[in-house]
Structures are given as structure tokens and as C-alpha cells.
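Numbered from 1 within each chain, the chains take letters A, B, ... in sequence-line order. Predicted model only: the values in this text are computed from it and were never measured.
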Amino acid sequence: MCGRYTIAAGAEFIGPYFDIEGPLPEFHPSYNVTPGSDAPVIWQAPADGRACSLMHWGLIPHWAKEPSSKYKMINAKAETLAERPAYRSAYKHRRCLIPTSGFYEWHSEAHGKQPYFIRMKQAPLFAFAGLWEYWEGEHTINSFTIITTPANELVGKIHERMPAIMLAENYNTWLDPNFGDESVLQELLQPVDSALLQMYAVSTAVNNPINDSADLIKPL
DNA sequence: CCAGACGTTGTT
DNA sequence: GTCTGG
DNA sequence: CCAGACGTTGTT
DNA sequence: GTCTGG
């Protein structure tokens, strides 16, 4: 799955990389983005260009009675997006990209859990595939979830699943709210080739959400 | 019909 | 054990 | 994902 | 909102 990631770039890098023409939100680079925090999301309205907004990590379905309820979904299985009531409409109309520079997975070992950091070899910045949703209350809350796929060969050494990585050549198709060919969308969500990734063990300092520095991604 | 759930992961 | 907060 | 709390009363 | 279970 994907329960922690990094975004070691400021808005000044995100804008150009994702071809955002409009305004960019303020956010700080982070080596420890945790569920429940606000993070930048790239999305596209039906008759508009790409936009970047901060959203809440943990999708709140629009029918949730309270935004603080138990319905905060941080991950969504790629294989069942079209069936799940909580995701079906977002899958059709509100697909998004989550800018990232890498993610963490934990491996259960004899002595405890060992965190690993996984990044793209050739891309300091890339994107997870995700879905976003809005919740109408006193204030509107926008939230997102990260889609997961079965792990590829590399990540499979330590974990069963991993986040869906969207390749840059497919950004347009994935973000287009008018695109509806589900078999193509499922193709775009296939596990990324192991050859594109690099993985190594890191300190358990990442475990505590309070820690946030470049030291977190130093190889052990 | 109304009431209640709506999710993933890992572990057992 | 289970929920909440980060 | 992991870490940390999880409770009430009366008193300061 | 929509589906499932009673």
C-alpha cells in the first residue's frame, strides 16, 4: 500500500513539471507526508486546464455525515475502483495526480518492521494516480486517495502492494474527465516496471510522523 | 419497505 | 484491542 | 503508514 | 448517493 511518501520539491518545481498555468498553492517540501495532512494534487475540470490544489489525504465520501468520521480512505485498490460505491463516481469524473519524489513501505522482519524508500531512478519528481472527492458542509473539503496495485518484482521483495505510478506520457488521458474507456484506464494503472525504480532500507526515524528531514531518505 | 454500510492492509 | 492524530 | 491515547473527579 | 441485508 502507500501510507507515507515524500515531496521534496516546492511549488516552483511542481508548476512547470505538470504544466500548471493557473495559481499554485503554498506548501512546504516534506520527507514525511502522512495521512490526514494536506498535500498538492493535480486535477482537471471538465472544460478547463490542469490545476493544482491542496487537498486532504484520506478521501471523504460526499455522503459521509461527518468529515471526521471513519470514512477516510487513504488507499483505493486499482482492481475494484469501478465497483466500490465510495470510489465509483470519483473514478469516472475526478481522477487526479499526486506529485511525489518517492514513497515508503515497511517490511515485517524478525526484529520488527524495517522501512524502505522507493524512488524513480530517472525522475526526481513523478506522480501517483489518485482520485479526489469533495464534501459539502459548512466549508467544502477536498480530499484524495492514492490508488494501489499489486507490487512489481522489486517492491514485491518487501510488500504485497504499492502505489500506482502514472507515467508522464499518460497524464493527459488519466486527467481528462471526459475520457471514459475503462479498459484503457485499467491499463494505465498496471504496476510500473521494476527497472524504473530504486529501493533501499532507511532509518526507522521515518516511523514517527513528527520527523521530517532529508536524513529520512538516507540509505542505511 | 427501511436500516445500515460504504475501505485497505496485514495478520491470524 | 481499537481509535485518533500526525 | 506509525505513534500515542485510551478516564473521571476534584483541586490548583 | 447507492447497494445490501433483513
Going by the salt bridge (charged side-chain N to carboxylate O under 4.0 Å, His left out) test, which pairs reach into [range], not counting sequence neighbours?
| range | result |
| --- | --- |
| residues 155-173 of chain A | A:Glu79-A:Arg161 |
| residues 124-152 of chain A | A:Arg94-A:Glu133 |
| residues 25-49 of chain A | none |

What are the two closest heavy atoms between A:Tyr31 and A:Ile217, and how far apart are they?
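What the structure gives for the nearest pair is CE2-CD1, 3.7 Å.
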Have a look at A:Ser37 and say if it touches a base, only the backbone sugar-phosphate, or nothing, with a 4.0 Å heavy-atom cut-off.
nothing
Determine the contact category for A:Pro35: base if any of its heavy atoms lies under 4.0 Å from a base atom, sugar-phosphate if only primed atoms, P, OP1 or OP2 are that close, otherwise nothing.
base
A correct 5'-to-3' footprint of nucleotides 6-12 of chain B, with B, S and - meaning base, sugar-phosphate only and no protein heavy atom under 4.0 Å, is BSSSSS-
Parallel, tilted or perpendicular: which describes the rings of A:Tyr116 and A:His107, with under 30° parallel and over 60° perpendicular?
perpendicular
Given the C1' atoms of B:dA5 and D:dC6, what is the spacing between them in whole Å?
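Straight-line distance between the two C1' atoms is 26 Å.
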Heavy-atom contacts under 4.0 Å between residues 201-215 of chain A and DNA chain B, which residues?
none
Residues which pass salt bridge (charged side-chain N to carboxylate O under 4.0 Å, His left out) with A:Arg50, listed by chain and number, not counting sequence neighbours:
none
What residues, two or more places apart in sequence or in another chain, satisfy salt bridge (charged side-chain N to carboxylate O under 4.0 Å, His left out) together with A:Glu187?
none
In terms of side-chain heavy atoms, does A:Thr34 have a donor or acceptor partner in A:Asn32 at a distance below 3.5 Å?
no
Only counting residues at least two apart or in another chain, list the ones meeting ring-ring contact (aromatic ring centres under 6.0 Å, His included) with [X].
| X | answer |
| --- | --- |
| A:Phe103 | A:Phe128 |
| A:Trp135 | none |
| A:Tyr91 | none |

Identify all pairs in which a protein N or O lies below 3.5 Å from an N or O of nucleotides 4-6 of chain E, and state each distance.
none

Report the stems of DNA chain D as range-with-range entries sorted by first number; a stem here is at least three consecutive pairs, Watson-Crick or G-U wobble, both distances under 3.5 Å, and write none if there are none.
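Stems for DNA chain D, defined as runs of 3 or more consecutive pairs: C:1-6 with D:1-6.
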Are there more than 12 heavy atoms of other residues, nucleotides or ligands under 6.0 Å from atom NZ of A:Lys121?
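For A:Lys121, atom NZ is crowded (more than 12 foreign heavy atoms under 6.0 Å).
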